[in-house]
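Single-structure report; data block below.
In the text below, chain A, chain B and the rest are named by the order of the sequence lines, each starting its count at 1.
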Amino acid sequence: MDYNFSEIEKRWQSYWSEQKTFAADENSQKEKFYVLDMFPYPSGAGLHVGHPLGYIASDIVSRYKRHLGYNVLHPMGYDSFGLPAEQYAIQTGQHPRITTENNIATYRRQLDLIGFSYDWDREVKTSDPEYYKWTQWIFLQLFNSWYDKDADKARSIEELISIFDKEGSSKLNAHTDSEISFTAAEWQEMDEKEQADILMDYRLAYLSDSFVNWCPALGTVLANDEIKDGKSERGGHPVERKKMKQWSMRITAYAERLLQGLDKIDFSDALKEIQRNWIGKSEGASIRFKVADREDEIEVFTTRPDTIFGASFMVLAPEHPLVDEISSKEQSKKVKAYQKYAASRSERERMSEVKTVSGEFTGAYAIHPFTNEAIPIWIGDYVLAGYGTGAVMAVPSGDQRDWGFAKKFGLEIPPVIEGQDVSEGADDRKDGKIVNSDFLNGLSVQDAIKKSISVVEEKGIGKGKINYRLRDAVFSRQRYWGEPIPIYFKDGMAKAIPENELPLRLPEIDEYKPTETGEPPLARARDWSFEGNPIETSTMPGWAGSSWYLFRYMDLERKNGFASEESLKYWENVDLYFGGAEHATGHLLYSRFWTKFLFDSGYLSTDEPFKKLINQGMILASDGQKMSKRYGNVVNPDDIVAQYGADTLRLFEMFLGPLEQSKPWDTDSIEGVHRFLRKFWRLYHNDQNELELSDEAADKKELRSLHKCIKKVSEDIESFSFNTAVSAFMICVNELQDLKCNKRSILEPLCILLSPFAPHISEELSSKMGHEGSISKLPYPKFNEAHLKQDEVKYPVSFNGKMRFMLELPADMPKDQVEETVLSHENAQKWLEGKAPKKVIVVPGKIVNIVV
RNA sequence: GCGGAUGUGGUGAAAUUGGUAGACACGCUAGAUUUAGGAUCUAGUGCUUCACGGCGUGUGGGUUCGAGUCCCUCCAUCCGCACCA
């Protein structure tokens, strides 16, 4: 065989590994460039050809940037805690660590086969105690912090305690669940437990009794982003709402900054929209309505306070705490029955029966704060307990859901905006003047919103408010294979395990199931205690370790902190991040959150982890389905590499189509790129497969071909359009083959140009051409515009916009002369049919269009 | 329902600011070489027509000398969110 890829690839892969060719410099004067792939979970199935797609793209950019003289950081690691290894352990008894190590070995072998330029000395594994020591450490920093809304940043709990000591809670503007206010004296009188309970409501990592998504099949709670259509994302098991004491992350404190931050990072619009949607900001007002003949008040949130005069009734969520208290005797039976009905409906049912209107009258009335009229209070399950205050002022003229409810139960629908037509449905127009609304009459919607809020505030019954849909993230998992939460309990209080005791290592246990009493697996450990006190038995979720791994890579030494100060300062954050869009509301939000927190705490110089994100598409199987063991349609990269070589695989994956698009794998067409590489090889060799290059000067056509390629390929890498870059190489090689070009001055730069895409063959040819060391150290070819200049231009000549014939003319021929030449041409005469042209458009160098 | 994305040959797909639609490949057809197969090379390949030509970028309209590209309308597919007040 002429082009012996297997021998070549083996040789260069071991050379790179021995020479540490791709190690990032520690102390470099060069400009840095950090290219990162989302690290994989090492599953037992190994890699299929879809996985390396993004890795290949990022590897091309990394190698390209090195040629351009950047100090490139391009690491890889493993998100190695997680459910599958643990499920396997439950079934077989094999320790998840063993399973994970085996899987990692497979991944590493497969990755190495493809020839990536990773700096493997910086590898991370989230399940490594030396790594999760710092995951636990960050958890403790969160545990020991609260959010100061005035400073708009996280501060330490120590500072909060000293504020409480000096002035109590009165002046504080903190992000908290606590509704208790107290003076400094009251604070000082509290016992330790009372103080601890209050502080817990401020901590950014906190323990609370709350409704969580419990998945009985997995035996653990799940975060919102781990649930798809009411079922667990992993395994598709049913999920139920359950009240449990759980650790959570106060990500809601960062809602506004997570939203604002999107404007300064380069993610796709689609992904930014998903995050905006998930954060779910809405502006409006919270207003309190008095309940008639009672002390109670009902607080509602509305985005349309301007329509308050259209509020003809109120609706509470069936779970609203006031429902039981305010229901009248006559109605209480019906109310109870409705509550029971609402509770019995699963999330799934509720979701699928969105259109069904149901509800019940409580028998109680609220007092409209401006008209003083009594308006009936209803309950209905279209009002969600978890959003806003769990209660709404129903404005049926402007809100379709309220309208439907009013129609069904025969409630009033008073219009409040000029020209509103409410006969067929709600009319939520925002143009027109407000009517029937006392002091708001005649105002525009925008002005009425402002005015109504200020009047509400004057009256002291409410205030302008911004609401977010984002919920705090549940952080406990009742599982074994995750980071232990470094907290122990003493006298009913959660205490941090001291930092110098970290890592808190996962204990060995005999079985990986929950205990008979339903406690998490860690409760099986023989001595799971700290100084005689029990340690928390739940572990951290998968996203903990992946929320900060980008920083660990920065530090080669790993002696000081989660990463050394100098390395954090030099590498800053990721310039280019490659990964799937499925992490939009999970990993990509959480790591932004942790980065902002670490920034607030003074460890980072930036509060965004990723400057730019590229979402690669999925590679589907040739039958158009997802590649999966289940369908038996998986293509293994090992097989492709064995048959065609890694360089072919790399080129082919890029050639398949635009990186960000999903596209099916088509093994047949891989021949095309393989053929291209063999043609490329033959350019450098004679018929006896000996390297044979000419030192003659290159002619115009050869230079033109090369420089066209340099320009196109560079532009395409910059714009992540790798598929067209590959075709540019094909065009260039086809042209050089036609020209029978074997000139060194053309083929040397071409080889460097190709090396980011097909590094093995390029290394081999470069070394055969006499270059010492790796081709990756050679500078990138310089593009010279002059070589693209043509003396002649082939003008397409159109009549009425339709191309009729081509005409070759000197490139510098002036406009009027082009017109003249074209018109006098015999072909033009034929199309003119003797008539005079109405108009002739000449775009120099581009086109001639004749209007007849 | 809301938001985002995508619609181009038999297939994967190209097409800078509006300027030759289908580059580059796969596949297919014919030929050369070969004992044969594979490999390689040459020519052809959007549809239609004997041909001149006509028609063609999801649909319908518009702007323009000229539209895959810009504007409006509708349709389809995929993704995300989904009673969010």
Nucleotide of [options] approaching [X] most closely (side-chain heavy atoms):
X: A:Val851; options: B:C65, B:A85, B:C55; result: B:C65
X: A:Leu384; options: B:A85, B:C81, B:A25; result: B:A85
X: A:Phe655; options: B:C26, B:A25, B:G4; result: B:A25
X: A:Met803; options: B:C55, B:A21, B:A14; result: B:A21
X: A:Pro658; options: B:C65, B:U20, B:A14; result: B:A14
X: A:Asp381; options: B:C83, B:A39, B:C41; result: B:C83
X: A:Ile731; options: B:A23, B:G19, B:A85; result: B:A23
X: A:Pro796; options: B:A85, B:A14, B:U20; result: B:U20
X: A:Arg675; options: B:C26, B:C81, B:A14; result: B:C26

How far does the [atom1] atom of [N] sit from the matching atom of [M], given to the nearest Å?
N: B:A5; M: B:C72; atom1: P; value: 14 Å
N: B:C65; M: B:C26; atom1: P; value: 43 Å
N: B:G68; M: B:G61; atom1: P; value: 15 Å
N: B:G44; M: B:G22; atom1: C1'; value: 16 Å
N: B:G19; M: B:G54; atom1: P; value: 23 Å
N: B:C71; M: B:C78; atom1: P; value: 26 Å
N: B:U6; M: B:U69; atom1: P; value: 14 Å
N: B:U11; M: B:A23; atom1: P; value: 15 Å

So [X], base contact, sugar-phosphate only, or nothing? Heavy-atom distance under 4.0 Å.
X: A:Lys272; result: nothing
X: A:Asp402; result: nothing
X: A:Ser669; result: sugar-phosphate
X: A:Gln661; result: sugar-phosphate
X: A:Arg682; result: sugar-phosphate
X: A:Ile841; result: base
X: A:Lys281; result: nothing
X: A:Met806; result: base

With rounding to the nearest 0.5 Å, note down the distance linking OG in A:Ser452 to CZ in A:Arg304.
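Between A:Ser452 OG and A:Arg304 CZ, I get 10.0 Å after rounding to 0.5 Å.
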
Option from A:Phe313, A:Phe405, A:Tyr338 for which ring pair (Phe, Tyr, Trp, His ring centres under 6.0 Å) with A:Trp378 holds
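It is A:Phe405, the one option of A:Phe313, A:Phe405, A:Tyr338 that forms the ring pair (Phe, Tyr, Trp, His ring centres under 6.0 Å) with A:Trp378.
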
If pairing requires Watson-Crick or G-U wobble contacts with both distances under 3.5 Å, which nucleotide is the partner of [N]?
N: B:C70; result: B:G62
N: B:U57; result: none
N: B:G1; result: B:C81
N: B:U6; result: B:A76
N: B:A15; result: none

Below 4.5 Å, heavy atoms only, C-beta onward: do A:Phe5 and A:Asp647 meet side chain to side chain?
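Side-chain contact under 4.5 Å: no.
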
Kindly indicate whether the side chain of A:Val392, heavy atoms from C-beta on, has any atom under 4.5 Å from the side chain of A:Asp399.
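Contact flag for A:Val392/A:Asp399 side chains = no.
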
Which whole-number value in Å describes the distance from [X] [atom1] to [N] [atom2]?
X: A:Phe313; N: B:A85; atom1: CZ; atom2: P; result: 17 Å
X: A:Trp278; N: B:C2; atom1: CH2; atom2: P; result: 22 Å
X: A:Ile274; N: B:A5; atom1: CD1; atom2: P; result: 11 Å
X: A:Tyr382; N: B:A82; atom1: OH; atom2: P; result: 19 Å
X: A:Asp2; N: B:C41; atom1: CG; atom2: P; result: 11 Å
X: A:Glu671; N: B:C41; atom1: CD; atom2: C1'; result: 16 Å
X: A:Asn723; N: B:U8; atom1: CG; atom2: P; result: 16 Å
X: A:Arg276; N: B:G3; atom1: CZ; atom2: P; result: 14 Å

Between A:Phe652 and A:Phe655, is the ring centroid distance below 6.0 Å?
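Ring centroids of A:Phe652 and A:Phe655 are no less than 6.0 Å from each other.
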
Distance-only donor-acceptor check, side chains A:Ser282 and A:Tyr387, under 3.5 Å
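There is such a pair between these side chains.
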
Any donor-acceptor pair under 3.5 Å joining the side chain of A:Lys712 to the base of B:U16?
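No.
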
Can you tell me whether the side chain of A:Asn277 and the base of B:C81 have a donor-acceptor pair closer than 3.5 Å?
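No pair found.
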
Using the purine O4'-C1'-N9-C4 or pyrimidine O4'-C1'-N1-C2 torsion, is B:G27 syn (within 90° of 0) or anti?
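Nucleotide B:G27 adopts anti.
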
Taking A:Arg276 first and then A:Asp263, would you say they form a salt bridge - that is, a charged N and a carboxylate O separated by under 4.0 Å?
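Yes, this pair counts.
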
Using 4.0 Å as the upper bound for N to carboxylate O, is an ion pair formed by A:Lys711 and A:Glu785?
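No, no charged N to carboxylate O under 4.0 Å.
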
Given A:Pro796, A:Ser798, A:Pro837, the one that forms side chain to side chain contact (heavy atoms under 4.5 Å, CB included) with A:Asn849
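In the set A:Pro796, A:Ser798, A:Pro837, the residue that makes a side chain to side chain contact (heavy atoms under 4.5 Å, CB included) with A:Asn849 is A:Ser798.
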
For [N], take OP1 and OP2 only and decide whether either is under 4.0 Å from a side-chain N or O of [X].
X: A:Lys663; N: B:G12; result: no
X: A:Ser727; N: B:A13; result: no
X: A:Tyr795; N: B:U20; result: no

